[in-house]
Amino acid sequence: MNAPEPSDSATPEKTPSKHFIRQAIDADLASGRFDGVATRFPPEPNGYLHIGHAKSICLNFGLAKDMGGTCNLRFDDTNPVKEDTEYVDSIQEDVRWLGFEWDNLHFASDYFDQLYDWAEKLVKDGKAYVCDLNAEETRAYRGTLTEPGKDSPHRDRTPEENLELLRAMKAGKFKDGEKTLRAKIDMASPNINLRDPVMYRIAHVPHHRTGDKWCIYPMYDWAHGQSDSLEKITFSICTLEFEHHRPLYNWYCENLGIHHPRQIEFARLNMTFTVMSKRKLLQLVKENHVTGWDDPRMPTLVGLRRRGYTPESIRAFCADIGVAKFNSTIDVIRLENSVREHLNSVAPRRMAVLDPIKLTITNWPEGKVEMMNAINNPEDESAGSREIPFSGELYIETEDFREEAPRKFFRLKKGGSVRLRSGYIVDCHDVVKDDDGNITEVLCTYDPETKSGEDTSGRKVKGTIHWVSREHAKKVTVRNYDRLFKVENPDASSDTGSFLDHLNPDSLTTLTAHVEPALAEAAVGDRVQFERLGYYVVDPDSTDGELVFNRIVPLRDTWGKIEAKGKK
RNA sequence: UACCCCGUGGUGUAAUUGGCAACACAGCUGGUUUUGGUCCAGCCAUUCUAGGUUCGAGUCCUAGCGGGGUAGCCA
């Protein structure tokens, strides 16, 4: 424990700045308040994990790793009406996929017995009481944000009476909502959490792990800190909205006289063009605005995984955005960049034509097929190369040809030249049009002296475009995903409607693409770069006969920007 | 209008804890390039405001302004 800093203090340059939680930990270690770091990631199993949880996971597991400590995975399963094992499984899978392994796996429900014993202790100490007020009355007695509350009429029951009542509650003698156990703190506290908070509510509902054993269930505050304590957590890291709960967290630990972790709050992740609340994500799924929790447009971890995001890129993103208390909104571009950056270094390059137009090479020897050598990844020599068939009939991207084009258009135009990537330079001399005047075919000659890798011509052309050989190309389905929402802040409360009004109708475009033959062997989960287009992953929907590629993220598109600017 | 938290470039995060405001991303300029990708270079800030303490304030104090959170028997 408490490993000394690596002695690289001689290189002040490299010292990464420490966020405020790291600083707090350093201080507590230095002062002797704690002698190690033990954290936990405590999800409630009532939904799928999303990118916001990834921030918390990276923080908690990352801290433990960096400080030579431990991190547990604990399910905060104190409310059986909302929770389900379906989520327990998916959460574990997601945490592992992200690249973390917990030291211990726990469930708050495993502590129900201990929690109950502690509740009796507080009752005996005169620090908790059974209250007969119903939910409405409790609310009325609690007061408001600006007015103090009033004491419950049952606040002064004797410990003996309370104990008897509590045991009767546990034994199932009362109906749902008939009684609660409350901590006896201060009904006039400016902090509403301290106005005699409910510890137990009655709910005759089976629990996904404890079955019918309990009909009283602990509230978050009464379970969370105690679970932390039992696991000897030192730093209980949570999001900002729990800040006002900290005094209560402390009160329980102090009044029980048990191990007392330090709760530290940080700002949860907000991201542009994204909704993050469980309620809204659930609504997107339930109302079929997406195909499921793992729809590639969802910010869930299962969604991002299916989209093709790598765990490395998500971890890099989380490290990149930092940790603070300021309530910020991260530009989703940052997330997209992180996966681009990772995939740029590891994804093999392949050629795919999404919107084909035929290109015929009029001076190409009839029936000749030439194998061209193509580099797999210019960023990684060890990735090697592959062979691509080149022939007299090719497909190129429709948008890469213009009959007439502006000076700045570096691609193919009538009377112009372009390099076919890993192929030859071609010169366009004519086009073929249908009756409506649409171009159906581009006619070119090729320059035999310009073969890629053995160019002896000395010719320079402005542009290079991708292509596939018409007879050798494979057809695949391509799903081009875009942002799910068309506005930066879909959460923004417009008086008129809901966040659903901001759904992007073009968030998915499905098309049939022609790809180079090497792609026929691609397996589900393989990630490639379609040259000049973007990064793609093979979707599990793929079958033997038909591959499905999801667009993970497009390449940066400088030309697109130039063109868009020109139109304004 | 009670209490708590937070205000540093377009967006985020730093600043040896009182000592020349740094880094990343975005944007804009240019360069390299057989991906208009990658890569490289340059440009882009009166630290919310007003006072105060100090030789010196992003940092400390006071007041104001702005943003967020909180009144579940949810977590």
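In the text below, chain A, chain B and the rest are named by the order of the sequence lines, each starting its count at 1. From a predicted model like this one, the values you see are computed outputs, not experimental measurements.
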Expressed as a whole number of Å, how far does the [atom1] atom of [N] sit from that of [M]?
{"N": "B:rA63", "M": "B:rU70", "atom1": "C1'", "result": "25 Å"}
{"N": "B:rU17", "M": "B:rC60", "atom1": "P", "result": "14 Å"}
{"N": "B:rU32", "M": "B:rU46", "atom1": "P", "result": "34 Å"}
{"N": "B:rU16", "M": "B:rG9", "atom1": "C1'", "result": "23 Å"}
{"N": "B:rG64", "M": "B:rC28", "atom1": "P", "result": "43 Å"}
{"N": "B:rG7", "M": "B:rG12", "atom1": "C1'", "result": "14 Å"}
{"N": "B:rG37", "M": "B:rG31", "atom1": "P", "result": "13 Å"}
{"N": "B:rC48", "M": "B:rG58", "atom1": "P", "result": "10 Å"}

Donor-acceptor pair, distance only, cut-off 3.5 Å: does the side chain of A:Arg268 make one with the backbone of A:Phe266? no
Are any side-chain N or O atoms of A:Asn377 and backbone N or O atoms of A:Ser345, one a donor and one an acceptor, separated by less than 3.5 Å? yes
Between the base of [N] and the side chain of [X], is there a donor-acceptor distance below 3.5 Å?
{"X": "A:Glu241", "N": "B:rU70", "answer": "no"}
{"X": "A:Arg411", "N": "B:rG36", "answer": "yes"}
{"X": "A:Ser452", "N": "B:rU34", "answer": "yes"}

Once you round it to whole Å, what is the distance between [atom2] of [N] and [atom1] of [X]?
{"X": "A:Asp26", "N": "B:rU17", "atom1": "CG", "atom2": "P", "value": "14 Å"}
{"X": "A:Arg532", "N": "B:rG36", "atom1": "CZ", "atom2": "C1'", "value": "8 Å"}
{"X": "A:Ile396", "N": "B:rU35", "atom1": "CD1", "atom2": "P", "value": "17 Å"}
{"X": "A:His154", "N": "B:rC73", "atom1": "NE2", "atom2": "P", "value": "16 Å"}
{"X": "A:Glu136", "N": "B:rG72", "atom1": "CD", "atom2": "P", "value": "12 Å"}
{"X": "A:His245", "N": "B:rU70", "atom1": "NE2", "atom2": "P", "value": "8 Å"}
{"X": "A:Ile562", "N": "B:rG37", "atom1": "CD1", "atom2": "C1'", "value": "13 Å"}
{"X": "A:Asp221", "N": "B:rG72", "atom1": "CG", "atom2": "C1'", "value": "11 Å"}

NE2 of A:His245 to CD of A:Glu265: how many Å apart, nearest 0.5 Å? 10.0 Å
Calculate, to the nearest 0.5 Å, the distance between atoms CD1 and OH belonging to A:Ile216 and A:Tyr200 respectively. 5.0 Å
Within the pair A:Arg419 and B:rU33, is there a side-chain N or O less than 4.0 Å away from OP1 or OP2? no
Reckon A:Lys561 has a side-chain N or O less than 4.0 Å from the OP1 or OP2 of B:rG27? yes
Can the ring centroids of [X] and [Y] be said to lie less than 6.0 angstrom from one another?
{"X": "A:Phe410", "Y": "A:Trp559", "result": "no"}
{"X": "A:Phe485", "Y": "A:Phe273", "result": "no"}
{"X": "A:Tyr87", "Y": "A:Tyr48", "result": "yes"}
{"X": "A:Phe112", "Y": "A:His207", "result": "yes"}

With syn meaning chi within 90° of zero and anything else anti, the base of B:rG37 is anti
Which dot-bracket string fits RNA chain B when only Watson-Crick or G-U wobble pairs with both atom distances under 3.5 Å count, crossing pairs get [ ], and | stands for a partner on a different strand? .((((((..((((.....[..)))).(((((.......)))))....(((((..]....))))))))))).....
Nearest-neighbour nucleotide for the [X] side chain, [options] considered:
{"X": "A:Thr464", "options": "B:rA26, B:rA75, B:rG36", "value": "B:rG36"}
{"X": "A:Ala135", "options": "B:rU34, B:rA26, B:rC73", "value": "B:rC73"}
{"X": "A:Arg142", "options": "B:rU34, B:rC73, B:rA26", "value": "B:rC73"}

Provide the full list of salt bridge (charged side-chain N to carboxylate O under 4.0 Å, His left out) pairs with a residue in residues 336-345 of chain A, sequence neighbours left out, each pair given once. A:Glu336-A:Arg483
For A:Asn373 and A:Arg386: C-alpha separation, side-chain torsions, deciding distance, then whether side-chain hydrogen bond (donor to acceptor under 3.5 Å, both in side chains) applies. CA-CA 6 Å; A:Asn373 187 263; A:Arg386 66 191 185 284; over 6 Å; no
Side chains of A:Arg421 and A:His466: donor-acceptor distance under 3.5 Å anywhere? no
Do A:Asp76 and A:His224 pair up side chain to side chain, a donor and an acceptor below 3.5 Å, judged on atom types alone? yes
Do the non-hydrogen side-chain atoms of A:Phe20 and A:Lys325 ever get within less than 4.5 Å of each other? yes
For [X], which contact category applies under a 4.0 Å heavy-atom criterion: base, sugar-phosphate, or nothing?
{"X": "A:Phe75", "result": "nothing"}
{"X": "A:Leu133", "result": "base"}
{"X": "A:Glu531", "result": "base"}
{"X": "A:Gly463", "result": "nothing"}

Find every protein N or O atom lying less than 3.5 Å from an N or O atom of nucleotides 1-3 of chain B, and list the pairs.
| unit_1 | atom_1 | unit_2 | atom_2 | d |
| --- | --- | --- | --- | --- |
| B:rA2 | N3 | A:Leu145 | O | 2.9 |

Would you call A:Asp221 and A:Arg246 a salt bridge, taking side-chain N to carboxylate O under 4.0 Å as the test? no
Measure up the A:Trp214 and A:Tyr116 rings against each other and bin them: parallel (under 30°), tilted (30 to 60°), perpendicular (over 60°). tilted
What's touching nucleotides 39-48 of chain B from the protein side, N or O pairs under 3.5 Å?
none

Distance-only check: which donor-acceptor pairs under 3.5 Å involve side-chain atoms of residues 180-195 of chain A, not counting sequence neighbours?
| unit_1 | atom_1 | unit_2 | atom_2 | d |
| --- | --- | --- | --- | --- |
| A:Arg182 | NH1 | A:Asp196 | O | 2.8 |
| A:Lys184 | NZ | A:Arg155 | O | 3.2 |
| A:Asp186 | OD1 | A:Ala188 | N | 2.8 |
| A:Ser189 | OG | A:Asn191 | N | 3.0 |
| A:Ser189 | OG | A:Asn191 | O | 3.2 |
| A:Asn191 | OD1 | A:Asn193 | N | 2.9 |
| A:Asn191 | OD1 | A:Asn193 | ND2 | 3.2 |
| A:Asn191 | ND2 | A:His244 | O | 2.9 |
| A:Asn193 | ND2 | A:His244 | O | 3.1 |
| A:Arg195 | NE | A:Arg142 | O | 3.0 |
| A:Arg195 | NH1 | A:Ser189 | O | 2.5 |
| A:Arg195 | NH2 | A:Arg142 | O | 3.1 |
| A:Arg195 | NH2 | A:Thr144 | O | 2.6 |
| A:Arg195 | NH2 | A:Glu147 | O | 2.8 |

Let me have a per-nucleotide readout for nucleotides 9-14 of chain B, 5' to 3', with B, S or -, counting only protein heavy atoms under 4.0 Å. --BSSS
